[in-house]
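Worksheet for the structure shown next.
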Amino acid sequence: MDNKTTQLRSYDNTCRSTINAVITITALCIFTIAGCQQQGRGLLGEKRPLTKDERMKWWRDARFGMFIHWGLYAVPAGEWKGKRIDGIGEWIMERADIPVSEYEPLTKKFNPVKFNADEFVRIAKNAGMKYIVITSKHHDGFCLWDSKVTDYDIIDASPFKRDILKELSKACKKQGIKLCFYHSIMDWHHPDAQRPFYPNYNDTKQSNPNFARYVDNYLKPQLKELITNYGPLGVLWFDGEWIKDWTEPMGKDMFNYVLALQPNIIINNRVGKGRKGMEGLSKSEEYAGDFGTPEQQIPATGLPGVDWESCMTMNNTWGYKSYDHNWKSTKDLLHKLADIASKGGNFLLNVGPTAEGLIPGASVERLAAMGEWMEVNSESIYGTTASPLGKVSWGRCTAKPGKLYLHVFDWPTNSKLEVTGLKNKVKKAYLLADKKRAKLSVRREDEDKVVVSVPSEAPDAINTVVVLEIKS
Ligand code: FHN
């Protein structure tokens, strides 16, 4: 073998090993980058802020959560000095013009010995809820955890002496439910906040010259306690932002402050001043907050690209009132869940525990019934997106890639379910409740409409889900 060939051969080998080396290094880089991406780390392993999509993923898939309004207001339960006080129960201090000196003694009567954190979480999980948002501190200023920043809390002021948020944090971890905290910016108990506004604690024209001190020496330190001692949290759900002393720049600063404490946390739009009243959506993306918060209402249509969550009571109050029995029906609640999911939103459904520490029976019953429906149909809620079909007469529709979930509230008397606005080819149709996935016959009526032949009886009178596998 002459010299030239040997040189060429060795040159050839060098090329080959160089190419292999390059391929290996490239592959390594790709894997490293991917790995880092996933962990929210930069190339050098440094922590990088997660993108909003990365932070919101679990929340967008979850679709259904439990709101818990619990605190001292459960003791009077809507009555003060023998008189029934109108309005939502957690506002009794403001509605009955109760001075702090008369409200504080409620701490001595708040002793929820029947409270069982595992049971609270079990009730939520069994209903199909994926996260819990509990009032760490509502407008009345009482704290449901052992705060080092005040004695106006469950450990220092009440005979209960158990840290409710600590017990819930453990129970949520155990049962795989995301724990989230509601926290009121407005505070009727703190002298640097709205306490001096008595009797109009909610006077939005008044200002407290020491409010900045409340923010720096009380609000922020308490949020640090909650995030660092009870986290990681799913969501920080602010409220009470409508007070005069709270501004959008403060909201933006608070957003960054909280995100710095826990980079993957989600923060609602009541951290800033962007909320359009009870409609709850943000005036524009300029305002701080990750998602809109419609209250006691559902947007009329889907809102592509907008994250939003409707929060709602099961009766007419958030905090417990002994005589409010105006409970929504299970049918109404399940229809609302499908309606909200069909518009790309989340449903945050409230319970108001009693002063003994029990979730009212009427709430437990309805949540258990919702859980039975979710047991069979949760595939048509979790991880779905808004309906691509316009308004449908028989119910709602949710979607996943290649699948439509038709939520039929009004079963066709002629067993012919008409689906308009559907151009895609339907590959298969079946009842979600039918484990065998027996095929339902589908006839295309015109380029925009198909008719699905369904059984004469609706398998579920409240909401029967028909699945269409479609060509995307
Ligand atoms: O004033 C509160 C009210 O008590 C309750 O907490 C609701 C829940 O979203 N938010 C405020 C009213 O908008």
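Start at 1 and go down the list; that is how both ligands and their atoms are numbered. Residue numbers count from 1 along this sequence.
- For ligand 1, the atoms sitting less than 4.0 Å from at least one non-hydrogen atom of H138 are 3 (C), 4 (O), 5 (C), 6 (O), numbered in the order shown with element in parentheses.
- Both tests pass for K220 against the ring of Y257: distance under 6.0 Å to the centre and angle within 45° of the axis.
- In terms of polar-atom proximity, defined here as any N/O pair under 3.5 Å, H139 does make such a contact with ligand 1.
- The shortest N or O to N or O distance between W242 and ligand 1 is not under 3.5 Å.
- In this structure, Y131 and I177 approach most closely via the heavy-atom pair CA-CG2, 3.9 Å.
- When ring centroids are compared, W70 and F110 come within the 6.0 Å threshold.
- Nearest to atom 3 (C) of ligand 1 among the protein's heavy atoms is E90 OE2, 3.4 Å.
- In this structure, Y73 has no heavy atom closer than 4.0 Å to ligand 1.
- Using a 4.5 Å heavy-atom threshold, the side chains of L468 and K403 count as separate.
- Stacking of R84 on the aromatic ring of Y323 is recorded, both the 6.0 Å distance cut-off and the 45° axial limit being met.
- Scanning the protein for heavy atoms near atom 11 (C) of ligand 1, the closest one is D239 OD2, 3.0 Å.
- In this structure, F409 has its ring center no closer than 6.0 Å to that of H407.
- Contacts with ligand 1 closer than 4.0 Å are made by no heavy atom of Q296, backbone or side chain.
- Under the 6.0 Å distance and 45° angle rule, K283 counts as a cation-pi partner of Y287.
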Discussion item. Apply ring-ring contact (aromatic ring centres under 6.0 Å, His included) to residues F291 and W59 and explain how you reach the verdict.
Written reply: CA-CA 10 Å; F291 64 92; W59 185 87; 4.6 Å; yes
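- Short contacts between ligand 1 and H69, defined as distances under 4.0 Å to a heavy atom of the residue, involve ligand atoms 5 (C), 6 (O), 8 (C).
- Residue E94 places no heavy atom under 4.0 Å from ligand 1.
- Considering only non-hydrogen protein atoms, atom 13 (O) of ligand 1 sits nearest to E295 OE1, 2.7 Å.
- Looking at heavy atoms from C-beta onward, S147 lies in side-chain contact with Q222 at the 4.5 angstrom threshold.
- If you number the atoms of ligand 1 from 1 as listed, the ones under 4.0 Å from a heavy atom of W91 come out as 1 (O), 2 (C), 3 (C), 4 (O).
- For ligand 1 and C311, the ligand atoms under 4.0 Å from any heavy atom of the residue are 9 (O).
- Checked against a 3.5 angstrom limit, the closest N/O atoms of W318 and ligand 1 fall outside it.
- Listed by number with element, the atoms of ligand 1 under 4.0 Å from a non-hydrogen atom of R270 are 9 (O), 10 (N), 13 (O).
- Cation-pi geometry between K130 and F64 is not satisfied (NZ or CZ under 6.0 Å from the ring centre, within 45° of the ring normal).
- Which parts of ligand 1 touch W237 is read off a 4.0 Å heavy-atom cut-off, strictly below it: atoms 9 (O).
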